[in-house]
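Predicted model only: the values in this text are computed from it and were never measured.
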Amino acid sequence: MTTTTAAPVAAGPVAPTAAARSRSRRNLRSALLFLSPWILGFLIFTLWPVLYSAYLSLTDYDVINDPQFIGLENYRDMASDPKIALALTNTVVYTVLAVPLHVAGALGLALLLERAGRSSGFFRTAFFLPKMTPPVAVGVLVLLLFNGQNGLVNEALGAVGIQGPYWTTDQTWIKPALVLMSMWTIGSTVIILLAALRQVPSELYDAARVDGAGFWRRTFAVTVPMISGTIFFVVVVNTIAAFQMFTEAYTAFFGSGNTTYANEAALFYVIYLFQQGFENLNMGYASAMAWLLFVIILAVTLVQLAVSKRVVYYEGDQK
(Lines give C-alpha, C1' and ligand atoms only; values in the text may rest on other atoms or scores of the structure.)
Protein backbone atom coordinates (compact mmCIF):
# COMPACT_ATOMS: atom_id res chain seq x y z
CA MET A 1 0.00 0.00 0.00
CA THR A 2 1.51 3.28 -1.09
CA THR A 3 1.31 6.23 1.26
CA THR A 4 1.32 9.69 -0.29
CA THR A 5 2.82 12.52 1.78
CA ALA A 6 1.52 15.95 1.05
CA ALA A 7 4.21 18.51 0.20
CA PRO A 8 4.56 21.31 2.75
CA VAL A 9 2.94 24.53 1.72
CA ALA A 10 5.10 27.64 2.06
CA ALA A 11 3.56 30.05 4.48
CA GLY A 12 2.97 33.47 2.98
CA PRO A 13 2.80 36.78 4.77
CA VAL A 14 0.06 36.83 7.33
CA ALA A 15 -2.23 39.83 7.08
CA PRO A 16 -2.51 41.74 10.36
CA THR A 17 -5.72 41.22 12.17
CA ALA A 18 -8.12 44.05 12.92
CA ALA A 19 -7.06 43.95 16.57
CA ALA A 20 -3.39 44.27 15.61
CA ARG A 21 -4.13 47.23 13.32
CA SER A 22 -6.14 48.91 16.05
CA ARG A 23 -3.33 48.39 18.56
CA SER A 24 -0.80 49.82 16.09
CA ARG A 25 -2.94 52.94 15.59
CA ARG A 26 -3.27 53.40 19.36
CA ASN A 27 0.51 53.11 19.77
CA LEU A 28 1.04 55.67 17.02
CA ARG A 29 -1.39 58.11 18.63
CA SER A 30 0.27 57.63 22.02
CA ALA A 31 3.72 58.23 20.51
CA LEU A 32 2.56 61.40 18.74
CA LEU A 33 0.94 62.62 21.95
CA PHE A 34 4.18 62.26 23.89
CA LEU A 35 6.18 63.80 21.04
CA SER A 36 3.77 66.68 20.50
CA PRO A 37 5.58 69.16 22.81
CA TRP A 38 8.81 68.67 20.87
CA ILE A 39 7.03 68.73 17.50
CA LEU A 40 5.22 71.98 18.34
CA GLY A 41 8.41 73.51 19.72
CA PHE A 42 10.33 72.55 16.59
CA LEU A 43 7.66 73.92 14.25
CA ILE A 44 7.14 77.20 16.14
CA PHE A 45 10.62 78.00 17.44
CA THR A 46 12.90 76.41 14.82
CA LEU A 47 11.32 75.66 11.45
CA TRP A 48 9.17 78.81 11.24
CA PRO A 49 12.01 81.22 12.19
CA VAL A 50 14.30 79.52 9.66
CA LEU A 51 11.78 79.84 6.85
CA TYR A 52 10.86 83.40 7.85
CA SER A 53 14.53 84.44 7.90
CA ALA A 54 14.84 83.13 4.34
CA TYR A 55 12.01 85.49 3.37
CA LEU A 56 13.50 88.39 5.33
CA SER A 57 16.82 87.93 3.53
CA LEU A 58 14.98 89.06 0.38
CA THR A 59 13.57 92.19 2.02
CA ASP A 60 14.54 95.56 3.43
CA TYR A 61 13.39 95.22 7.04
CA ASP A 62 14.25 97.54 9.94
CA VAL A 63 12.06 95.78 12.58
CA ILE A 64 9.90 98.90 12.94
CA ASN A 65 8.33 99.08 9.47
CA ASP A 66 6.91 96.27 7.37
CA PRO A 67 9.40 94.29 5.25
CA GLN A 68 9.82 95.59 1.70
CA PHE A 69 10.69 92.93 -0.88
CA ILE A 70 13.95 93.76 -2.71
CA GLY A 71 14.92 90.39 -4.18
CA LEU A 72 18.63 89.51 -4.09
CA GLU A 73 19.85 93.02 -3.31
CA ASN A 74 21.05 92.06 0.17
CA TYR A 75 23.19 89.30 -1.30
CA ARG A 76 24.64 91.66 -3.91
CA ASP A 77 25.45 94.16 -1.16
CA MET A 78 27.24 91.43 0.78
CA ALA A 79 29.51 90.74 -2.17
CA SER A 80 30.77 94.34 -2.09
CA ASP A 81 30.87 94.77 1.70
CA PRO A 82 34.55 94.78 2.84
CA LYS A 83 33.57 93.90 6.39
CA ILE A 84 32.03 90.63 5.22
CA ALA A 85 35.39 89.54 3.84
CA LEU A 86 37.16 90.74 7.01
CA ALA A 87 34.73 88.95 9.32
CA LEU A 88 34.89 85.72 7.31
CA THR A 89 38.70 85.82 7.27
CA ASN A 90 38.84 86.34 11.03
CA THR A 91 36.37 83.51 11.58
CA VAL A 92 38.21 81.06 9.32
CA VAL A 93 41.58 81.87 10.91
CA TYR A 94 40.13 81.39 14.38
CA THR A 95 38.54 78.07 13.35
CA VAL A 96 41.76 76.76 11.78
CA LEU A 97 43.69 77.62 14.95
CA ALA A 98 41.12 76.62 17.56
CA VAL A 99 39.72 73.30 16.36
CA PRO A 100 42.99 71.30 16.02
CA LEU A 101 44.30 72.68 19.33
CA HIS A 102 41.00 71.95 21.08
CA VAL A 103 40.77 68.36 19.82
CA ALA A 104 44.46 67.58 20.37
CA GLY A 105 44.40 69.03 23.88
CA ALA A 106 41.22 67.15 24.76
CA LEU A 107 42.67 63.88 23.46
CA GLY A 108 45.84 64.37 25.50
CA LEU A 109 43.86 65.01 28.68
CA ALA A 110 41.57 62.06 27.97
CA LEU A 111 44.61 59.77 27.62
CA LEU A 112 45.90 61.01 30.96
CA LEU A 113 42.51 60.53 32.60
CA GLU A 114 42.34 56.97 31.35
CA ARG A 115 45.46 56.21 33.38
CA ALA A 116 44.27 58.07 36.48
CA GLY A 117 42.55 55.07 38.04
CA ARG A 118 40.15 55.73 40.90
CA SER A 119 40.89 59.47 40.94
CA SER A 120 39.58 59.88 37.37
CA GLY A 121 36.11 60.77 38.70
CA PHE A 122 37.46 63.83 40.50
CA PHE A 123 39.44 64.98 37.46
CA ARG A 124 36.47 64.45 35.13
CA THR A 125 34.47 66.82 37.29
CA ALA A 126 37.35 69.29 37.54
CA PHE A 127 37.81 69.37 33.76
CA PHE A 128 34.10 69.74 33.06
CA LEU A 129 33.26 72.45 35.62
CA PRO A 130 34.78 75.32 33.56
CA LYS A 131 32.28 74.43 30.81
CA MET A 132 29.60 75.69 33.19
CA THR A 133 31.16 79.17 33.28
CA PRO A 134 28.92 81.72 31.50
CA PRO A 135 30.51 82.82 28.18
CA VAL A 136 30.24 86.46 29.26
CA ALA A 137 32.46 85.70 32.25
CA VAL A 138 34.94 84.00 29.92
CA GLY A 139 35.02 87.18 27.82
CA VAL A 140 35.89 89.21 30.92
CA LEU A 141 38.58 86.66 31.81
CA VAL A 142 40.17 87.28 28.41
CA LEU A 143 40.76 90.92 29.38
CA LEU A 144 41.99 90.05 32.88
CA LEU A 145 44.28 87.15 32.06
CA PHE A 146 45.69 88.47 28.79
CA ASN A 147 46.23 92.08 29.80
CA GLY A 148 49.51 93.13 28.16
CA GLN A 149 50.84 94.97 31.22
CA ASN A 150 49.77 93.07 34.33
CA GLY A 151 47.77 90.08 33.09
CA LEU A 152 48.37 86.70 34.73
CA VAL A 153 49.54 85.12 31.47
CA ASN A 154 52.27 87.73 30.90
CA GLU A 155 53.22 87.58 34.58
CA ALA A 156 53.77 83.83 34.21
CA LEU A 157 55.77 84.31 31.01
CA GLY A 158 57.86 86.99 32.68
CA ALA A 159 58.70 84.59 35.51
CA VAL A 160 60.57 82.41 33.00
CA GLY A 161 62.18 85.34 31.19
CA ILE A 162 59.75 85.70 28.28
CA GLN A 163 58.36 89.10 27.32
CA GLY A 164 54.65 88.54 26.72
CA PRO A 165 52.87 90.32 23.86
CA TYR A 166 49.99 92.77 24.15
CA TRP A 167 47.34 90.11 23.66
CA THR A 168 44.28 92.37 23.73
CA THR A 169 45.57 95.36 21.75
CA ASP A 170 48.00 93.89 19.22
CA GLN A 171 45.92 92.71 16.25
CA THR A 172 48.39 89.89 15.60
CA TRP A 173 47.76 88.33 19.02
CA ILE A 174 44.02 88.87 19.54
CA LYS A 175 42.90 85.68 17.80
CA PRO A 176 45.61 83.52 19.46
CA ALA A 177 44.47 84.91 22.83
CA LEU A 178 40.87 83.93 22.08
CA VAL A 179 42.00 80.51 20.88
CA LEU A 180 43.90 79.91 24.12
CA MET A 181 40.91 81.13 26.10
CA SER A 182 38.66 78.66 24.27
CA MET A 183 40.65 75.87 25.91
CA TRP A 184 38.89 76.88 29.13
CA THR A 185 35.82 74.92 27.98
CA ILE A 186 37.66 71.85 26.76
CA GLY A 187 36.12 69.60 29.42
CA SER A 188 33.08 68.40 27.47
CA THR A 189 35.26 67.16 24.62
CA VAL A 190 37.55 65.43 27.12
CA ILE A 191 34.61 63.51 28.59
CA ILE A 192 33.39 62.40 25.15
CA LEU A 193 36.85 61.18 24.10
CA LEU A 194 37.39 59.45 27.45
CA ALA A 195 34.17 57.50 26.95
CA ALA A 196 35.42 56.42 23.52
CA LEU A 197 38.83 55.41 24.90
CA ARG A 198 37.21 53.08 27.40
CA GLN A 199 35.49 51.21 24.56
CA VAL A 200 38.77 50.23 22.88
CA PRO A 201 39.32 46.46 23.39
CA SER A 202 42.23 45.80 25.74
CA GLU A 203 43.23 42.83 23.56
CA LEU A 204 44.45 45.23 20.90
CA TYR A 205 46.81 46.91 23.37
CA ASP A 206 48.03 43.53 24.58
CA ALA A 207 48.81 42.45 21.02
CA ALA A 208 50.63 45.72 20.36
CA ARG A 209 52.76 45.28 23.50
CA VAL A 210 53.66 41.76 22.42
CA ASP A 211 54.86 43.23 19.13
CA GLY A 212 57.05 45.67 21.05
CA ALA A 213 54.99 48.81 20.46
CA GLY A 214 55.61 51.64 22.92
CA PHE A 215 53.09 54.18 24.20
CA TRP A 216 53.21 56.52 21.21
CA ARG A 217 53.12 53.67 18.72
CA ARG A 218 50.08 52.18 20.48
CA THR A 219 48.42 55.59 20.55
CA PHE A 220 48.75 56.26 16.83
CA ALA A 221 48.36 52.66 15.61
CA VAL A 222 45.59 51.47 17.94
CA THR A 223 43.95 54.24 19.96
CA VAL A 224 43.48 56.92 17.32
CA PRO A 225 42.12 54.57 14.62
CA MET A 226 39.73 52.89 17.05
CA ILE A 227 38.25 56.19 18.27
CA SER A 228 38.46 57.96 14.90
CA GLY A 229 34.66 58.07 14.67
CA THR A 230 34.44 59.98 17.94
CA ILE A 231 37.32 62.26 16.94
CA PHE A 232 35.48 63.03 13.71
CA PHE A 233 32.33 63.85 15.67
CA VAL A 234 34.09 66.33 17.99
CA VAL A 235 35.92 67.89 15.03
CA VAL A 236 32.60 68.55 13.25
CA VAL A 237 30.91 69.88 16.40
CA ASN A 238 33.82 72.14 17.34
CA THR A 239 34.13 73.43 13.77
CA ILE A 240 30.47 74.47 13.76
CA ALA A 241 30.90 76.10 17.19
CA ALA A 242 34.03 77.97 16.05
CA PHE A 243 32.23 79.40 13.01
CA GLN A 244 29.61 80.75 15.42
CA MET A 245 32.11 82.36 17.81
CA PHE A 246 30.37 85.34 19.39
CA THR A 247 29.86 85.89 23.12
CA GLU A 248 33.45 85.81 24.42
CA ALA A 249 34.84 88.03 21.66
CA TYR A 250 31.90 90.44 21.78
CA THR A 251 32.14 90.81 25.56
CA ALA A 252 35.89 91.38 25.49
CA PHE A 253 36.22 93.70 22.48
CA PHE A 254 32.81 95.20 21.66
CA GLY A 255 30.90 95.39 24.93
CA SER A 256 30.43 98.55 27.02
CA GLY A 257 31.26 100.83 24.11
CA ASN A 258 34.73 99.37 23.55
CA THR A 259 35.91 100.82 20.24
CA THR A 260 39.67 100.25 20.22
CA TYR A 261 41.51 99.86 16.93
CA ALA A 262 42.09 96.20 17.75
CA ASN A 263 38.39 95.44 17.26
CA GLU A 264 38.88 94.65 13.59
CA ALA A 265 40.96 91.59 14.49
CA ALA A 266 38.12 90.35 16.72
CA LEU A 267 35.30 91.10 14.28
CA PHE A 268 33.97 87.60 13.76
CA TYR A 269 31.18 86.87 11.33
CA VAL A 270 28.41 86.39 13.91
CA ILE A 271 29.44 89.61 15.68
CA TYR A 272 29.05 91.56 12.44
CA LEU A 273 25.72 89.79 11.84
CA PHE A 274 24.57 90.86 15.32
CA GLN A 275 25.65 94.45 14.68
CA GLN A 276 23.72 94.61 11.44
CA GLY A 277 20.58 93.02 12.84
CA PHE A 278 20.29 94.37 16.38
CA GLU A 279 22.42 97.52 16.47
CA ASN A 280 21.77 98.91 12.98
CA LEU A 281 18.29 97.31 12.73
CA ASN A 282 19.16 96.05 9.27
CA MET A 283 17.40 92.75 9.82
CA GLY A 284 17.02 91.83 6.16
CA TYR A 285 20.76 92.14 5.59
CA ALA A 286 21.46 90.17 8.78
CA SER A 287 19.14 87.39 7.60
CA ALA A 288 21.04 87.18 4.32
CA MET A 289 24.28 86.96 6.31
CA ALA A 290 22.81 84.15 8.40
CA TRP A 291 21.96 82.15 5.29
CA LEU A 292 25.44 82.68 3.89
CA LEU A 293 26.88 81.34 7.14
CA PHE A 294 24.53 78.35 6.94
CA VAL A 295 25.74 77.56 3.41
CA ILE A 296 29.39 77.88 4.46
CA ILE A 297 28.98 75.60 7.47
CA LEU A 298 27.03 73.10 5.35
CA ALA A 299 29.76 73.08 2.70
CA VAL A 300 32.53 72.62 5.29
CA THR A 301 30.60 69.80 6.96
CA LEU A 302 30.03 68.04 3.64
CA VAL A 303 33.76 68.25 2.91
CA GLN A 304 34.49 66.79 6.33
CA LEU A 305 32.03 63.96 5.67
CA ALA A 306 33.70 63.22 2.35
CA VAL A 307 37.14 63.14 3.96
CA SER A 308 35.87 60.96 6.81
CA LYS A 309 35.14 58.13 4.38
CA ARG A 310 38.90 57.75 3.91
CA VAL A 311 40.21 58.37 7.42
CA VAL A 312 37.48 57.26 9.85
CA TYR A 313 37.21 53.64 10.95
CA TYR A 314 33.96 52.21 12.26
CA GLU A 315 33.78 48.83 13.97
CA GLY A 316 32.41 46.26 11.56
CA ASP A 317 33.43 48.30 8.51
CA GLN A 318 34.50 45.89 5.76
CA LYS A 319 36.41 48.45 3.71
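Sorted by first then second residue, the ring pair (Phe, Tyr, Trp, His ring centres under 6.0 Å) pairs that include residues 43-91, not counting sequence neighbours, are Trp48-Tyr52, Tyr52-Tyr55. Sorted by first and then second residue, the ring pair (Phe, Tyr, Trp, His ring centres under 6.0 Å) pairs involving residues 196-242 (not counting sequence neighbours) form an empty list.
The aromatic rings of Phe246 and Phe274 sit tilted, their planes meeting at an angle between 30° and 60°.
Remark: side-chain polar atoms of Ser22 are not paired, donor with acceptor, to backbone N or O of Ala19 under 3.5 angstrom. In this structure a side-chain-to-backbone donor-acceptor pair under 3.5 Å is present from Asn90 to Glu264. Without hydrogens or angle criteria, Lys175 side chain to Ala265 main chain gives a donor-acceptor distance under 3.5 Å. Remark: the backbone N or O of Arg21 is not paired with any side-chain donor or acceptor of Ser24 at under 3.5 angstrom.
Partners of Ser53 by side-chain contact (heavy atoms from CB on, under 4.5 Å), not counting sequence neighbours, listed by chain and number: Ser287, Trp291.
Nearest heavy-atom pair across Val63 and Met283 is CG2-CE, 3.8 Å. Nearest approach of Ala98 to Val179, heavy atoms of both residues: CA-CG1, 3.8 Å. Looking at every heavy atom in both residues, Ala213 comes nearest to Arg218 through O-NH1, 3.1 Å. Met289 and Tyr269 get closest at one heavy-atom pair: O-OH, 2.7 Å. In plain terms, the two heavy atoms of Val99 and Val235 that are nearest each other are CG1-O, 4.1 Å.
Enclosure of atom CZ in Arg217 is not indicated, since only 12 or fewer non-hydrogen atoms of other residues, nucleotides or ligands lie within 6.0 angstrom.
Here the rule is side chain to side chain contact (heavy atoms under 4.5 Å, CB included) with Tyr285, and of Leu56, Asp81, Asn280 only Asp81 fits it. For the pairing with Val103, the side chain to side chain contact (heavy atoms under 4.5 Å, CB included) check across Thr239, Val237, Val234 returns one residue only, Val234.
Cluster annotation: Val236 and Val311 are assigned to the same hydrophobic cluster (Ile/Leu/Val/Met/Phe/Trp/Tyr, side-chain heavy-atom contacts under 4.5 Å, transitive). Side-chain heavy atoms closer than 4.5 Å link hydrophobic residues (I, L, V, M, F, W, Y) into clusters, and following such links, even through other members, never connects Ile186 to Phe128. In the hydrophobic cluster analysis, where Ile, Leu, Val, Met, Phe, Trp and Tyr join through side-chain heavy atoms closer than 4.5 angstrom, Trp184 is grouped apart from Ile191.
A heavy-atom distance below 4.5 Å is found between the side chains of Tyr166 and Gln149. With contacts defined as side-chain heavy-atom distances shorter than 4.5 Å, the pair Leu58/Asn74 does not qualify.
A donor and an acceptor atom, one from each side chain of Asp62 and Asn65, are located under 3.5 Å apart. Side-chain polar atoms of Ser182 and His102 form no donor-acceptor pair below 3.5 angstrom. Donor-acceptor pairing under 3.5 Å is recorded for the side chains of Trp167 and Asn154.
Of the inter-residue distances, the one linking Thr168 atom OG1 with Leu145 atom CG reads 11.0 Å to the nearest 0.5 angstrom.
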